[in-house]
Each structure stands twice: as C-alpha cells, then as structure tokens.
Amino acid sequence: MSKMMKRGIFMFLLLLAVSIGIIYYTIDLDALKTISSFNSISLLLALIALAAGMYFDGLRLQRLVKIGGYKLSIKAVLRVIFSNYFMAMLTPGASGGAVAQVLVLKSYGVPISKGTPIVLIRTVFSIMFLVIMLPLVFLRDAIEIPYISRDMLLIFAVLAVIATFLGTYILQTKYMRQFVYNLAQRFKAHKTRDWLSKLETLNQGLGLLYKQPIQSFIVFIESGLSLLCLYCIAPALMYAFTPDIPIIDILDRMILLNLILYFAPTPGGTGIAEGLFVVLFSTFVPNGTVGIVAVAWRVMAEYLPFFIGMYAVLTLYGRQFVAQETSKEQ
C-alpha cells in the first residue's frame with residue numbers, strides 16, 4: 001500500500017473519529033427536538049457563502065499572477081485554489097498546500113521562481129487581514145480567554161498589528177539578512193543557503209506588491225472579502241437551528257479561530273478546529289447542536305473543497321504526484 005493511500009485512510013479515520021466524538025459529547029435530547037425543525041435553506045446559504053469566498057479568492061489570485069506578468073484562465077485558477085485544500089489536508093501544518101499551488105501554477109506557465117512568492121503572498125495577506133482585524137474583534141466582542149483579561153487581549157492585538165507592519169519593512173533590510181544568516185549558522189549551518197533563499201523568496205513577493213501598490217491594495221481587500229465570505233458559512237449553518245443569528249459577533253470569533261488554525265500542527269487543523277468551534281460558538285445555537293454545526297462547518301468549508309481538489313490534482317498530475325509530494329513530508 002502506497003504512502004498516499006495510507007495517509008488518505010488515516011485522514012479519513014481521523015476525521016470520522018473527530019466528527020463522531022464532537023457530536024457524541026455535545027448532543028442531547030433537546031438537540032433531537034431542534035433537528036425536527038431543521039431549516040434546509042441554511043445549506044443553500046452555506047453553499048452561496050462558499051462560492052462567494054472562492055470567487056474573491058480567484059480574483060486575488062488572478063490579480064497577483066497578472067502583477068507578476070502572467071495570465072490564468074478560470075479553470076487554472078480553480079485548480080490552484082482547490083489543490084491547496086487537497087494537499088493541505090494531507091500534510092502536517094498544511095505545508096503541502098503551498099507546494100501544490102506552486103506546481104499547478106508551473107503547469108500553466110508560471111515559473112516556480114514567480115509562483116512561489118505569489119503563493120506566499122496569498123498566505124501573508126490572509127494572515128495580515130486577520131491580524132489587522134484582531135483589535136476590532138477584541139474591542140467590540142467580550143471574548144474570554146482563561147488567565148488573560150480583555151484589556152490585555154486588546155493590547156496584544158494592537159501590538160500584533162504594529163509588529164506586522166514593522167516586520168514587513170524589516171524583512172527587506174540587510175539587518176534581517178544578517179540575522180537570518182547568524183541564526184542559520186548557529187542552529188543549522190548546513191542549511192544556511194536554504195534559509196536565505198526563503199527570505200529572498202518572501203522579499204520577491206513583497207517586491208511585486210511594491211511595484212503596483214494600488215493593485216496590491218485591491219488584492220488585500222479581495223483577500224478580506226474572500227475570508228469573510230468563507231466565514232459566513234458558519235452563521236449560515238447555524239440558521240438551520242435558530243433564526244437569531246448575530247452575524248457580526250460570529251464573524252469576530254471566526255477571525256480569531258482561523259488565525260489560530262494557521263498555526264495548528266495537525267493536518268488541516270483537524271480536531272483543533274472542531275474543539276475551538278464548540279468552545280467559541282456554543283452560546284449562539286440551541287443546546288446540544290453546536291457539535292452538529294461544527295462538523296457541518298468543517299464538511300462545507302474544508303472537506304467539500306478537499307474532494308474537489310483531489311479530483312483537480314489527480315486529473316492534472318495523476319497519483320504519482322500526490323505520492324511523491326506526501327512522501328517528501330515524511
């Protein structure tokens with residue numbers, strides 16, 4: 001049995017176990033009564049939110065590629081986007097998603113030297129949007145985190161925004177290159193060149209943005225719109241059980257949740273995503289239904305794009321590509 005097949009089976013069993021566990025530990029008799037009044041329109045709304053999120057994601061990808069001097073068809077854009085979902089779910093820390101995007105871009109005529117910074121900037125812009133939104137989230141939403149006061153959360157959020165902009169500037173200075181060189185020499189001297197190469201790749205991506213600041217700002221706005229539309233999947237699914245949906249409050253917590261998931265060590269954030277969802281959103285839905293909504297959210301936002309991405313990647317490269325890329329993560 002190939003490594004790809006083993007990893008696929010493991011992921012399926014893990015997702016099944018997590019989903020059953022979440023529902024088992026959160027459902028009760030009250031939930032069964034609520035399910036009888038299930039509003040199926042919520043599923044349509046969730047699909048619309050997913051489509052809108054993919055639409056804006058595709059727009060920003062096309063714009064970034066155009067800034068780099070290339071063009072992508074709609075089919076190519078969709079393949080790049082969904083390949084990210086597919087390989088991210090199969091690799092720890094979602095590391096395979098970036099590799100898949102770069103290689104799919106290469107197959108459509110975008111060299112790896114150009115595709116790598118483009119893919120990197122997509123991720124950087126998404127994280128930047130979430131970080132910039134953090135102060136607004138903690139300012140208006142009384143999110144409680146054990147042992148940390150709301151004022152401290154707000155201070156940390158503001159500092160994170162400042163650090164993001166300051167770090168973007170420092171990355172392109174000679175001091176950062178010297179710092180990375182010294183760090184690589186101290187811990188992994190034989191990989192010094194790799195560390196400096198990654199820094200140069202990031203700076204190449206930032207250099208693309210500096211050339212066309214207006215287009216770059218539009219990409220940032222499209223990144224935010226894409227994320228917010230995808231986050232609307234959660235309130236859409238909650239509408240199945242209750243008509244009282246505080247959308248802004250839910251989006252606030254989705255921003256916090258997804259920012260945390262960027263640093264989750266498990267493939268696709270499996271287990272961590274569902275657990276955080278239950279903790280953050282149990283008060284927004286009837287008793288006993290939060291686990292059902294959590295699993296439905298993951299199915300709609302991650303697993304459905306995963307299977308579409310699997311089809312997109314396998315029809316483009318075949319199973320050999322997936323086997324090769326997953327084996328590199330071992």
Side-chain angles (χ1 to χ4, degrees), residues 49-72 74 76-78 80-82 84-85 88 94 97-98 101-102 105 110 114-140 156-173 176 198-233 247-248 251-263 301 305:
L50 176 62
M54 295 300 174
Y55 171 75
F56 286 113
D57 197 8
L59 282 183
R60 70 166 176 168
L61 177 58
Q62 278 189 318
R63 199 176 302 277
L64 279 171
V65 171
K66 187 176 181 180
I67 292 175
Y70 298 88
K71 290 185 179 180
L72 282 184
I74 296 298
V77 167
L78 292 177
V80 174
I81 292 174
F82 286 112
N84 176 43
Y85 282 91
Q101 291 178 78
V102 171
L105 282 172
V110 181
K114 292 288 186 179
T116 301
I118 287 173
V119 169
L120 191 58
I121 288 302
R122 287 183 71 229
T123 303
V124 169
F125 264 23
S126 295
I127 296 176
M128 282 183 65
F129 175 80
L130 297 180
V131 170
I132 290 172
M133 292 299 294
L134 268 186
L136 298 178
V137 170
F138 290 128
L139 189 62
R140 66 172 308 280
F156 287 149
V158 173
L159 291 176
V161 173
I162 295 174
T164 299
F165 285 105
L166 187 60
T168 303
Y169 168 76
I170 294 176
L171 279 172
Q172 299 207 6
T173 65
M176 177 56 70
K198 291 177 181 179
L199 176 62
E200 183 61 26
T201 298
L202 178 57
N203 285 332
Q204 287 177 7
L206 294 174
L208 288 175
L209 301 179
Y210 295 149
K211 291 179 181 178
Q212 300 189 40
I214 296 178
Q215 291 298 312
S216 301
F217 178 73
I218 295 175
V219 170
F220 179 76
I221 297 299
E222 289 170 342
S223 299
L225 291 174
S226 173
L227 292 175
L228 291 177
C229 287
L230 293 174
Y231 298 165
C232 282
I233 294 175
I247 295 180
I248 303 300
L251 291 180
D252 283 346
R253 299 185 177 217
M254 286 299 294
I255 288 172
L256 177 61
L257 186 155
N258 282 274
L259 182 58
I260 295 173
L261 289 183
Y262 269 106
F263 307 98

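Taking CG of L256 as the reference point, atom CG of L261 lies at 9.5 Å (rounded to 0.5 Å). Taking CD1 of I127 as the start and OG of S223 as the end, the distance is 11.0 Å to the nearest 0.5 Å. For the atom pair CG of D252 and CE of M133, the computed distance is 7.0 Å after rounding to the nearest 0.5 Å. In this structure, CG on L230 lies 7.0 Å from CG on D57, to the nearest 0.5 angstrom. To the nearest 0.5 angstrom, L64 atom CG is 11.5 Å from I218 atom CD1. Rounding to the nearest 0.5 Å places CZ of F125 at 10.0 Å from CD1 of I221.
Under the 3.5 Å distance criterion, the side-chain polar atoms of R122 are left unmatched by any main-chain donor or acceptor of L61. In this structure, the side chain of N258 engages the main chain of M254 through a donor-acceptor pair within 3.5 Å. Of the possible donor and acceptor atoms, none in the side chain of S226 sits under 3.5 Å from a partner among the backbone N and O of E222.
In this structure the side chain of F129 reaches within 4.5 angstrom of the side chain of L228, judged on heavy atoms. Annotation: side chain of V131 is in contact with side chain of L259 (closest heavy-atom distance under 4.5 Å). A 4.5 Å side-chain heavy-atom check between I214 and F217 finds every atom pair outside the cut-off. Residues L257 and R253 form no side-chain contact, since every pair of their non-hydrogen atoms from C-beta on lies 4.5 Å or further apart. Residues M54 and P305 are in side-chain contact: their nearest non-hydrogen atoms beyond the backbone lie under 4.5 Å apart.
The two residues A301 and Y85 make their nearest non-hydrogen contact at O-CE2, 3.4 Å. Summarising the geometry of Q62 relative to V77, their closest heavy-atom pair is CG-CG2, 3.3 Å, with the distance given to 0.1 Å. Of all non-hydrogen atoms in V80 and Q101, the two that sit nearest each other are O-CG, 3.6 Å. Closest approach of Q215 and I67 over heavy atoms only: CB-CD1, 3.8 Å. The two residues K114 and V110 make their nearest non-hydrogen contact at CB-CG1, 4.0 Å.
Heavy atoms of other residues, nucleotides or ligands lying less than 6.0 angstrom from CG of L166 number more than 12. The environment of L159 atom CG is dense: over 12 non-hydrogen atoms of other residues, nucleotides or ligands sit within 6.0 angstrom.
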Practice problem: Could you walk me through whether S126 and Y262 pass the side chain to side chain contact (heavy atoms under 4.5 Å, CB included) test, one step at a time? | Solution: CA-CA 10 Å; S126 295; Y262 269 106; 3.1 Å; yes
Quiz item: side chain to side chain contact (heavy atoms under 4.5 Å, CB included) between L105 and V65: does it pass, once the steps are laid out?
Solution: CA-CA 9 Å; L105 282 172; V65 171; 4.3 Å; yes
